[in-house]
Amino acid sequence: MRKTFLFVLISTFLFSSMEITLKLAGSVFNPIQLNFIRFLIGGLVLLPLALRSMKANDLHIDRKAFASFALTGLLCVIVSMTLFQLAVVYGKASIVAVLFSSNPVFALLFSYLILHEKLSRSSLVSVIVSTIGLLVIINPFHLSNGVGMILAVLSAITFGFYSIISRKVSKNRHFNGVTMTCFTFILGSLELALLMGLSHLPIVAQLFGHSSLAKDFVAIPYFAGISASTILMILFIGIGVTGIGFATYFMAMERSDVSTASLVFFIKPALAPILALILISESIVANTWVGIVVILLGSAVSFFGQRADEQKSAMATTGYLQTVETEGEAADIIDAAHRKQILAQLAARRAALGQNLQNSKFQKQTHSTPY
């Protein structure tokens, strides 16, 4: 159990420092380029764990699985994480961290709409409370820095959608979380590399013209900017945050349960703003603190509700197994009594048959004796 919580703490710290590190790296690297590098490295870090899991479960990647990974890579790396990276560039790292941590709320809604899973009372309350927290932070009546906030919310929504599609693929193809994440990252980064290549075409420059977005989407470099002064930051983002962060998260989940691993997203909304305040001196206004507290309450409702559901499920499973065991023992007793009864009947028949044989011999002897 100690090792499980160690994994949770490592994952929480790495995920909470993600927006801050990406904010610092964004001043050196193109945001799309940074997305490509970190997910390529992260996927390669997870690859040994994924291959070991596939070998242990005798799984292979066929055409359908490849197509599924291409889809999840598109949704995660190209759509959601590009929006996330742009949100970090154009907004505050602390605000982006809190808003993105609401992605499980949207995942609950998509699970209801796509997988037709029932929303429990605690899940519904969590969705409502977390939505109120988001509105408090965004403060739509006095919106400031709206671009970063909108991008962060869109990133959380699309990541929630990706999570449900990934869960559906995992259920149908029997891949675990590490395998799904690994090949999602690798396929997504390769797809992104293709789009980055297209950004060097003259027509793309003509399309964006002198737009402020041109610097992010035209002639995107692959590895420019990597030097002795930036290599440690890139390795921390790729190996640490993206690779080890996700690896420890899934290892915590495998050692315990989903609700224990989800402590990562329960702690992050509180820890990330504090780290941003300490490390990059980002000020946090009053409504943001209020929103953080409200989102934490929503997360707490979801966490304890999920915990209770898992305990009920475990108790139901235990009760079922005990019932089966009791019924099995009763059946064994009945079978033993039935066997004993049959053996007694056979013994009685054998005795009767033996008596009949003796009587028959006696009668023969009587008839054959002269008077």
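Everything numeric here is computed off the predicted structure, so don't read it as measured data.
One hydrophobic cluster holds both Ile274 and Leu24 under the rule that ILVMFWY side chains link at heavy-atom gaps under 4.5 Å. Follow the hydrophobic side-chain contacts under 4.5 Å out from Ile280 and you reach Ile278 in the same cluster. Each of Leu135 and Ile284 belongs to its own hydrophobic cluster when Ile, Leu, Val, Met, Phe, Trp and Tyr are linked at side-chain heavy-atom distances under 4.5 angstrom. Leu271 and Leu9 fall into different hydrophobic clusters, defined by Ile, Leu, Val, Met, Phe, Trp and Tyr side-chain heavy atoms under 4.5 Å apart, directly or through other members.
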Acceptor/donor pairs from residues 42-54 side chains to any protein atom, 3.5 angstrom cut, sequence neighbours excluded:
{"residue": "Ser53", "atom": "OG", "partner": "Asn176", "partner atom": "ND2", "Å": "2.8"}

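Separating the NZ atom in Lys92 from the NZ atom in Lys23 is a distance of 9.5 Å, to the nearest 0.5 Å. Between atom NZ of residue Lys168 and atom OG of residue Ser68 there is a gap of 10.5 Å, rounded to the nearest 0.5 Å. In this structure, CG on Leu75 lies 9.0 Å from OH on Tyr162, to the nearest 0.5 angstrom. Atoms CD1 and CZ, from Ile157 and Phe100 in turn, are 12.0 Å apart once rounded to the nearest 0.5 Å. Note that CZ of Phe36 and CD1 of Ile41 are 9.0 Å apart. Values are rounded to the nearest 0.5 Å. For the atom pair Leu192 CG and Leu187 CG, the distance stands at 12.5 Å (nearest 0.5 Å).
No side-chain donor from either of Tyr222 and Asn30 sits under 3.5 Å from a side-chain acceptor of the other.
Checking side-chain atoms of Thr242 against main-chain N and O of Phe39 turns up no donor-acceptor pair under 3.5 Å. The main-chain N or O of Val77 is found under 3.5 Å from a side-chain atom of Asn35 such that the two form a donor-acceptor pair. A distance-only check finds a donor-acceptor pair linking the side chain of Ser199 to the backbone of Ile220 [under 3.5 Å]. Not a single donor-acceptor pair under 3.5 Å links the side chain of Ser130 to the backbone N or O of Val127. Without hydrogens or angle criteria, Thr181 side chain to Val178 main chain gives no donor-acceptor distance under 3.5 Å. Judged by distance alone, the side chain of Glu282 and the main-chain N or O of Ser94 form a donor-acceptor pair under 3.5 Å. A donor-acceptor pair is defined here as one N or O able to donate and one able to accept, closer than 3.5 Å; no such pair exists between the side chain of Ser170 and the backbone of Arg167. Panel note: side chain Ser189, backbone Ile186; a donor-acceptor pair is recorded below 3.5 Å. At least one donor-acceptor pair under 3.5 Å links the side chain of Lys268 to the backbone N or O of Phe15. Side chain of Ser155 to backbone of Leu151: no donor-acceptor contact under 3.5 angstrom is found.
Here the side chains of Arg38 and Gln33 are not in contact, with every heavy-atom distance at 4.5 Å or above. Using a 4.5 Å heavy-atom threshold, the side chains of Ile137 and Val98 count as touching. Under the 4.5 Å side-chain criterion, counting only non-hydrogen atoms from C-beta, Ile234 is in contact with Leu34. Side-chain contact between Ile32 and Gln85 is absent, with no heavy atoms from C-beta onward closer than 4.5 Å. Within the 4.5 Å cutoff, the side chain of Val301 has no heavy atoms near those of the Val129 side chain. The closest side-chain heavy-atom distance from Met81 to Cys76 is below 4.5 Å. Under the 4.5 Å side-chain criterion, counting only non-hydrogen atoms from C-beta, Phe84 is not in contact with Leu154. You'll find the side chain of Leu108 stays beyond 4.5 Å of the side chain of Leu124, heavy atoms only.
The minimum heavy-atom distance linking Pro31 with Val89 is given by the pair CB-CG2, 4.0 Å. For the pair Thr21 and Met233, the tightest heavy-atom approach, listed with the atom from each and the gap, is CG2-CG, 4.2 Å. When all heavy atoms are compared, the tightest approach of Ala252 to Val8 is CB-CG2, 3.8 Å.
Applying the ring-ring contact (aromatic ring centres under 6.0 Å, His included) definition to pairs two or more places apart or across chains, those involving residues 101-120 are Phe110-Phe161.
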| request: Show your working on side-chain contact (heavy atoms from CB on, under 4.5 Å) between Val241 and Ser17 and close with a plain yes or no. | output: CA-CA 8 Å; Val241 174; Ser17 65; 4.3 Å; yes

| How far apart are the C-alpha atoms of Met180 and Thr72, what are their side-chain angles, what is the distance that settles it, and do they pass the side-chain contact (heavy atoms from CB on, under 4.5 Å) test? | CA-CA 9 Å; Met180 282 298 307; Thr72 55; 4.1 Å; yes

| task | Kindly indicate, with the supporting measurements, whether the criterion side-chain contact (heavy atoms from CB on, under 4.5 Å) is fulfilled by Met251 and Ser11. | result | CA-CA 10 Å; Met251 281 190 276; Ser11 183; over 6 Å; no

| said: Applying side-chain contact (heavy atoms from CB on, under 4.5 Å) to Lys55 and His60, what does each step give before you reach the verdict? | reply: CA-CA 8 Å; Lys55 184 178 180 180; His60 305 280; over 6 Å; no

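Every residue meeting the ring pair (Phe, Tyr, Trp, His ring centres under 6.0 Å) condition with Phe217, not counting sequence neighbours, appears here in chain and number order: Phe208.
Between Phe183 and Phe66, the distance separating the two ring centers is not shorter than 6.0 angstrom. Aromatic rings of Phe29 and Phe223 (six-membered ring for Trp) have centroids beyond the 6.0 Å cut-off, not under it. Close placement of the Phe175 and Phe69 rings is indicated, their centers lying within 6.0 Å of each other.
Residue Ile203 places its CD1 atom among 12 or fewer non-hydrogen atoms of other residues, nucleotides or ligands, all under 6.0 Å distant.
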